[in-house]
Amino acid sequence: SVLSSACGQLAFPPGFRWGAATAAYQVEGAWNQSDKSPSVWDHFIHTTPGVVADRSTGDVAADSYHLWRRDVEMLEELGLQFYRFSISWTRLVPNGFANVISEDGRRYYDDLINGLLESGIEPIPTIYHWDIPQRLQNLGGWTNPLVSDWFAEYARVVFSLFADRVKYWVTINEPSVFCEFGYGAGMIAPGIKDQDIGKYMCVKNVLMAHGKAYRVYEREFKGKYSGKLSMANHFMWYEAETEKDLEVAELIRQFQYGLYCHAIYSQAGGWPTVVEQQIAANSRREGYSFSRLPDFTQEEKDLVRGTFDYMAVNHYSSRTVRKQPSAEHIPASNQFTANAEFNATYEGKEDWPKGNSFWFLINPAGLRDLLVWLRTEYGDIEYLITENGYSDVTSKINDDDRVDYHREYLKQVLLAIKQDGVNVTGYTAWSLMDDFEWVEGYTLGFGLYHVDFSRAERPRTPRKSARYYASVVRANSLDVPEPQDVML
Ligand code: GBH
């Protein structure tokens, strides 16, 4: 890289903000505490044995429902400016609908938010991180168009209780992941396999849900609290494998990013034209009388367009894209390695090291390329990195690979800011602590803190990466000494 420690090149701009993230189902536990009702994850885990690598559940997880004070203390130890956590829909609104608010649920999030503020840490709540009420799933969940109204009502409850203390919100986390894998590939909750139709119904309804929640905030809360809202998308970086693949790589970016961003961030609104046309053509060829990608009316486009105050960016890994001559070359419904709409396959480069999660390839430059692509496509807006991190076996305390990952990815953030002028205002490490990693259970962790899941007390221990991150945060710079090993 062209950055050196001379002349403060490794320093982040003054006011750059640092945080760490978790999500409710992955850390809270207390799955049936008080009047909480089951979410799709409670239901999926309890009714689908073998779906999780180590057959574990999030029933107790890191027990943050009881240990949140320790979590706040860890954020203080790291010297962070904000904590991104998520609110459990069924803990706050056990009915699924907004007619009943749980006293205990309200108190839990009140306590957490007040505890953070007392420690000078800004709360950044995610309103939805994958745990829709099972009751609503029984009524179709994210495939029922009414879900956008149900979500907006739930969001109104959240705003009415907490908006007085929150400046940054994330509405919905990674629709690409829960639509593609929850309603398409069926490998995460609610486990529905419907690549052709269900996945796209989910995407449209999520965009409408986000749009309606944004409008609720805008009408009823923004004047008073002037908070900023964004949906958080998951952006794997996709680049062409060879010169011949440049065109298909751009189509894949329009598919993997544009499906979730275009309706919100573009001037025109609605779907990216190339994606809309391709899926319509594929649908016709397959004998459908309609496009498998649901239409937007002009009114719906107007409702969703412009519903952002910043862009929340989650990023971990990269892929190369290669064009395939025909559908026969596409492994049947394999979302990890192929795209069936555009006849493309995904791979990695030889010099991109493999991580420990099955999907993980390390390519730090991909984050810079992504940020530049986003700014070119969606404009010179505020970008906040809301997730970035590295998974490893949880037993490791001296986690040098995680230290390297954060350092190398942060260098690319610096290059994007300083050389490319992208307005990145903050960085969030995923994750504050080891957690329930969805279908990977507790076999891997992303935590700056180790959590001992074999002990009822769920003790947390700072890893070497926690020391490193704290020193970077303190200096607001990568020009810091190498962290010392943690002595055990
Ligand atoms: C995030 O998911 C989640 O927001 C968070 O809850 C989770 O704990 C964290 O990452 C770490 O896993 O098609 O090859 O990518 C984003 C990462 C995206 C990883 C979907 C698994 C499926 C396989 N996930 N991906 S692939």
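Just follow the structure's listing: the first ligand is 1, and inside any ligand the first atom is 1. Just so you know, these numbers use all the heavy atoms, side chains as well, and skip hydrogens, waters and symmetry mates. Note that this is a predicted model, so its numbers are computed, not measured.
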**Q** Out of Phe436, Trp130, Phe181, who gets a non-hydrogen atom closest to atom 22 (C) of ligand 1?
**A**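 It is Phe181 whose heavy atom sits nearest to atom 22 (C) of ligand 1.
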**Q** Contact between Trp373 and Trp237 at the side-chain level, heavy atoms closer than 4.5 Å - yes or no?
**A**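 A side-chain contact exists here, since the closest heavy-atom pair is under 4.5 Å.
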**Q** Quick one: which ligand 1 atoms are inside 4.0 Å of a heavy atom on Gln26?
**A**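 Answer, ordered by atom number: 5 (C), 6 (O), 7 (C), 8 (O).
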**Q** Identify, by atom number and element, the atoms of ligand 1 in contact range of Glu174, meaning under 4.0 Å from any of its heavy atoms.
**A**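 In order of number, 1 (C), 2 (O), 3 (C), 4 (O), 16 (C).
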**Q** Report yes if Glu437 has an N/O atom closer than 3.5 Å to an N/O atom of ligand 1; otherwise report no.
**A**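 The answer is yes, given that Glu437 and ligand 1 share an N or O pair closer than 3.5 Å.
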**Q** Can a non-hydrogen atom of Met187 be found less than 4.0 Å from any atom of ligand 1?
**A**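 It does not; every heavy atom stays at 4.0 Å or beyond.
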**Q** Looking at ligand 1, does any of its N/O atoms fall within less than 3.5 Å of an N/O of His234?
**A**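 Between His234 and ligand 1 (N or O atoms, distance only) the closest approach is not under 3.5 Å.
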**Q** Does the gap between the ring centers of Tyr25 and Trp130 come in under 6.0 Å?
**A**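 No: the rings miss the under 6.0 Å criterion.
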**Q** Provide the number and element of each atom of ligand 1 under 4.0 Å from a heavy atom of Met236.
**A**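 Counting atoms of ligand 1 from 1, those under 4.0 Å from Met236 are 15 (O).
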**Q** Phe446 vs Trp359 aromatic rings, parallel, tilted or perpendicular, using cut-offs 30° and 60°?
**A**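 Plane angle under 30°, so parallel.
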**Q** How does Arg319 reach ligand 1, by side chain, by backbone, by both or by neither, if only non-hydrogen atoms under 4.0 Å count?
**A**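 The answer is the side chain of Arg319.
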**Q** What about the rings of Trp41 and Trp438, do their centers lie closer together than 6.0 Å?
**A**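 That pair passes the under 6.0 Å test.
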**Q** Could you pull out all residues at least two apart from Thr171 that satisfy side-chain hydrogen bond (donor to acceptor under 3.5 Å, both in side chains)?
**A**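 side-chain hydrogen bond (donor to acceptor under 3.5 Å, both in side chains) list for Thr171, sorted by chain: His210.
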**Q** Please determine if Tyr316 has a nitrogen or oxygen closer than 3.5 Å to a nitrogen or oxygen of ligand 1.
**A**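 Between Tyr316 and ligand 1 (N or O atoms, distance only) the closest approach is under 3.5 Å.
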**Q** For ligand 1, is there an N or O atom under 3.5 Å from any N or O atom of Trp359?
**A**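 No, Trp359 has no N/O under 3.5 Å of an N/O on ligand 1.
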**Q** Taking the six-membered ring for Trp and the full ring for Phe, Tyr or His, determine whether the centres of Phe85 and Trp68 are under 6.0 Å apart.
**A**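 No, the ring of Phe85 stays outside the 6.0 Å limit from the ring of Trp68, centre to centre.
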**Q** Taking atom NZ as the centre, does Lys167 end up with more than 12 heavy-atom neighbours from other residues, nucleotides or ligands that are less than 6.0 angstrom away?
**A**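 Enclosed.
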**Q** Could you tell me if the ring centre of Phe12 sits under 6.0 Å from that of Trp18?
**A**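 Yes.
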**Q** Check this for me - ligand 1, Glu440, N or O atoms closer than 3.5 angstrom, yes or no?
**A**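 In this structure, Glu440 places no N or O atom under 3.5 Å from an N or O of ligand 1.
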**Q** For ligand 1 and Asn314, I'd like to know whether there is a polar contact (N/O to N/O, distance under 3.5 Å).
**A**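 By distance alone, the answer is no.
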**Q** Under 4.0 Å from any heavy atom of Phe446, which atoms of ligand 1 are there?
**A**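 In order of numbering, the contacting atoms are 11 (C), 12 (O).
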**Q** Any heavy atom of Tyr346 sitting closer than 4.0 Å to ligand 1?
**A**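 No; Tyr346 lies far enough from ligand 1 that no heavy-atom distance drops under 4.0 Å.
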**Q** Taking disulfide bond (SG atoms under 2.5 Å apart) as the definition, give me every residue that meets it alongside Cys261, ordered by chain and number, with sequence neighbours left out.
**A**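 So Cys261 forms no disulfide bond (SG atoms under 2.5 Å apart) with any residue.
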